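Comments concern the structure below.
Atoms considered below: every heavy atom in the structure, side chains included; atoms not considered: hydrogens, waters and symmetry mates. All values reported here derive from a predicted model rather than from experimental measurement.
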Amino acid sequence: MTTVLKPLERLPEVEKRSPDRHPPEMRQRAIKAAAFLSLGAVTVAGGIAVLGYRATHLAIDNGTINSRIVRLRSPIDGEIQDFYAQPGVWVQSNQVLARIQRSLSQEQTLLKLQESVKTDEAKLAAAKQLLDTLDLQLQTLDTREGDLQVADTTLASGEVSQQQALLDAAIARAEATRENYFRYQDALEGGLDVAMVSGDIDRYRAQLDSAIAEANTARTNYQRHQQLLGSGMDVDIASGSVAQKQAELDSAAAAAEAAYSDYQRYASLLDSGAISEQQVDRAKAAWKAAEAEVRRSKSALDIANATLNATESGVAINSRDIPEVVSQERVDRLQAEWETAEAKVVQAQAALEEAQATVAAAERGVSLDGSAVSSERVEQLKSEWDAAEAEVARLQAALDGAQTTLAASQSGMPTGQYHTTKTNLQAQRLELLQKIQEQTNLVATLTTQLGQNKLQLQNAQSPYSDKQKLEITAPFTGVVYQTERERGEKLNESEFVLSLIDCNDVWVEAIVNAKQASRIDANKPVRVRVEGYGEKLTGEVALMQPVSSIQAVEERTRLMQVQALAPAIPPNFVGQPLTRVTVKIPPPPNAEQSMQFCGVGQATRLTFKQKSFW
């Protein structure tokens, strides 16, 4: 039987579709396989990332948040009257934390100081008033003495001038004999004092120069008056005399000051036994003689000033104060004064030569005549000195009598009354000057005492500002960290009352070993995770400080007393080289909440970027 194939187009219509090569089960298996492959790739990539992160970062788990603390002290001794500070409480800057009541003893001290100041002020005012009264009395006395001494200060007669010249010569002789006596006595006791007699040469030379200047002035006065004879008064002469007398006074004052210094020096040496009491007596006598010369020079200067005033006013300078022009008698008198001055030059020259000879003798250890110093020679010189002093006293009395007689006659007083009045005024002056000096010293003492008491009162009052209670305020915004006192407690000045945390100055501290420290890159940011908070902080390395031991860390923290806590020390780090790492951070979250203490003491995890070594 033969089979015939029909054409295709004639076959029945069937659904035309591609055969299914991937059944549903196979597709699901493929999707699962792809998912597993992707998860594996992600896991591998994550592992690689973790390994890479750990290779470039260092995590430290022993970090502790720390902060700057300020311990507030009591500025005074007293008692805590009010106390508002409580640990963990947030306070604002200038908020009152406590009030201190000053102690009873301080109040009593202030009252005593105030009373002392008032008393001193009253005493000082009374002392100044009395001093002013004494000054007025002295001015009145000066006026009375001036009126009384008008005639005395215008003396210019030839008799008085001659008497004065004789007295000056006698004083010079007395000084020379006195010095000779003392020198020979020193030589007899233990040798001549070459230094002492050598110093006299300068004094005698100065006296010679003064005598020469005086003689030159007298010669000039004589020559000018001779030229002006018949042409009127010469004011220049009187002016020159004033200048000369002023120079003499200055020289005498300098000599007196030097003599007083020598006396003080000798007196101090006497206490130590370096010199004898006799040498101190001689120094004292020299000082008294120098003071007498100052008084004489002062009197001569007053006379010269009065003469100048009289000359300028057109009044003659004779002893009777009668207006006249320069006369022949005046010229003759000036010639006599010149001759007297020349005689004083010769006398001063002789004294200088004698002093020079004495120095030469002292250096040889013998007397001026070349013989050995003996007790008989010393006694002879003592007799000569006594005689010279007696002559000085006689001539001084004669001069005083002449001046008193003339002054009394011109003042219209009897001699006895004038002398008594002048003596009384001088005694009153001395008494007034002594009282003024005593009162001046009292005023100075009271002024110093008042200043000291005022300063003590000011220092005692300054902490209180006139307030009975003193407030302790917060110096900045922060948190009360610790209180060390309670209300009603007594405390002394500078004792601690409480501590404040500065929440704007917060950091994390950690202790790492030297190997970990060497891997930290201090220039890169630090990630800080605070225990109990999801939010992470970013800080920066502020300090990396090697320390030798744990004890050193704790000791440094104790001495600084500016941070709240000491850093935590891992137990496994004992005996290893350590490094203290400080990371500056911003205030942690919720730092201002009560009892959070700005996060101080909270544990942290620090993640540092490691240094790259390739």
Is there a salt bridge (Lys or Arg N to Asp or Glu O under 4.0 Å) between Arg71 and Glu484 once you walk through the steps? CA-CA 10 Å; Arg71 304 181 73 186; Glu484 303 180 31; 3.0 Å; yes
Report the C-alpha distance between Asp61 and Arg605 in whole Å, list the side-chain angles of each, state the deciding distance to 0.1 Å, and finish with yes or no for salt bridge (Lys or Arg N to Asp or Glu O under 4.0 Å). CA-CA 4 Å; Asp61 292 325; Arg605 178 183 178 87; 2.4 Å; yes
Report the C-alpha separation of Leu606 and Thr604 in whole Å, then their side-chain angles, then the decisive distance to 0.1 Å, and conclude whether the side-chain contact (heavy atoms from CB on, under 4.5 Å) test is met. CA-CA 6 Å; Leu606 302 175; Thr604 62; 4.2 Å; yes
Is there a salt bridge (Lys or Arg N to Asp or Glu O under 4.0 Å) between Lys298 and Glu293? Walk through the geometry before answering. CA-CA 8 Å; Lys298 178 65 168 61; Glu293 179 63 19; over 6 Å; no
Kindly determine whether Phe608 and Val581 satisfy side-chain contact (heavy atoms from CB on, under 4.5 Å), including the steps that lead there. CA-CA 11 Å; Phe608 299 94; Val581 181; 3.9 Å; yes
Could you go step by step and tell me if Thr447 and Leu124 meet the side-chain contact (heavy atoms from CB on, under 4.5 Å) rule? CA-CA 7 Å; Thr447 301; Leu124 180 60; 3.5 Å; yes
With side-chain contact (heavy atoms from CB on, under 4.5 Å) as the test, would you mind laying out the steps for Val508 and Asn66 before giving the verdict? CA-CA 6 Å; Val508 176; Asn66 215 333; over 6 Å; no
Test salt bridge (Lys or Arg N to Asp or Glu O under 4.0 Å) on Asp505 and Lys584 and set out the steps. CA-CA 8 Å; Asp505 192 357; Lys584 188 72 175 178; 2.4 Å; yes
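Residues Leu72 and Pro475 have side chains in contact (heavy-atom distance under 4.5 Å, counting atoms from C-beta outward). At a threshold of 4.5 Å between non-hydrogen side-chain atoms, the residues Leu58 and Ile520 count as touching. Annotation: side chain of Leu457 is not in contact with side chain of Leu455 (no heavy-atom distance under 4.5 Å). You'll find the side chain of Val506 stays beyond 4.5 Å of the side chain of Pro586, heavy atoms only. Taking 4.5 Å as the limit, some side-chain heavy atom of Thr440 sits within range of a side-chain heavy atom of Ile436. Residues Lys435 and Glu431 form a side-chain contact, since some pair of their non-hydrogen atoms from C-beta on lies under 4.5 Å apart. Leu138 has its side chain out of reach of Leu136: every pair of non-hydrogen atoms, C-beta onward, lies at least 4.5 Å apart. Residues Ile65 and Val530 are in side-chain contact: their nearest non-hydrogen atoms beyond the backbone lie under 4.5 Å apart.
The CG atom of Leu97 sits 7.0 Å away from atom OG1 of Thr473, with the distance rounded to the nearest 0.5 Å. Remark: Phe573 CZ to Asn513 CG distance equals 4.5 Å, nearest 0.5 Å. In this structure, Leu442 CG and Leu131 CG are separated by 9.5 Å, a value rounded to the nearest 0.5 Å. Rounding to the nearest 0.5 Å places CG of Leu491 at 7.5 Å from CG of Asp77. For the atom pair Glu509 CD and Thr64 OG1, the distance stands at 8.5 Å (nearest 0.5 Å). Rounding to the nearest 0.5 Å gives a distance of 9.5 Å between CD of Gln86 and CE of Met595.
Dense packing is recorded around CD of Glu438, with more than 12 heavy atoms of other residues, nucleotides or ligands lying under 6.0 Å away. Atom CD of Glu257 sits in a sparse spot, with 12 or fewer heavy atoms from other residues, nucleotides or ligands closer than 6.0 Å. Within a 6.0 Å radius of CD in Glu531, other residues, nucleotides and ligands contribute 12 heavy atoms or fewer.
Shown here for Ile80 and Arg485, the closest heavy-atom pair between the two residues is CD1-CB, 3.2 Å. Shown here for Ile585 and Gly539, the closest heavy-atom pair between the two residues is CG2-CA, 4.2 Å. Summarising the geometry of Glu121 relative to Leu450, their closest heavy-atom pair is CG-CD1, 3.6 Å, with the distance given to 0.1 Å. Contact detail for Ala290 and Ala256: the closest heavy-atom pair is CB-CA, 3.5 Å.
Salt-bridge formation is not detected for the pair Glu495/Arg73: no Lys NZ or Arg NE/NH1/NH2 atom is positioned less than 4.0 Å from an Asp or Glu carboxylate oxygen. Between Lys490 and Glu79, at least one side-chain N (NZ, or NE/NH1/NH2) sits under 4.0 Å from a carboxylate O, which counts as a salt bridge.
Between Arg519 and Gln610, the side chains place a donor N or O and an acceptor N or O closer than 3.5 Å (distance only, hydrogens not considered). There is no side-chain donor-acceptor pair under 3.5 Å between Asn424 and Gln428. Using a 3.5 Å distance cut-off with no hydrogens or angles, the side chains of Gln437 and Asn441 do pair a donor with an acceptor.
Figure legend: Arg487 and Phe83 shown without cation-pi pairing, the cationic atom not lying both under 6.0 angstrom from the six-membered ring centre and within 45 degrees of its axis. Under a cutoff of 6.0 Å and an axis angle of 45°, Arg68 and Phe476 form a cation-pi pair.
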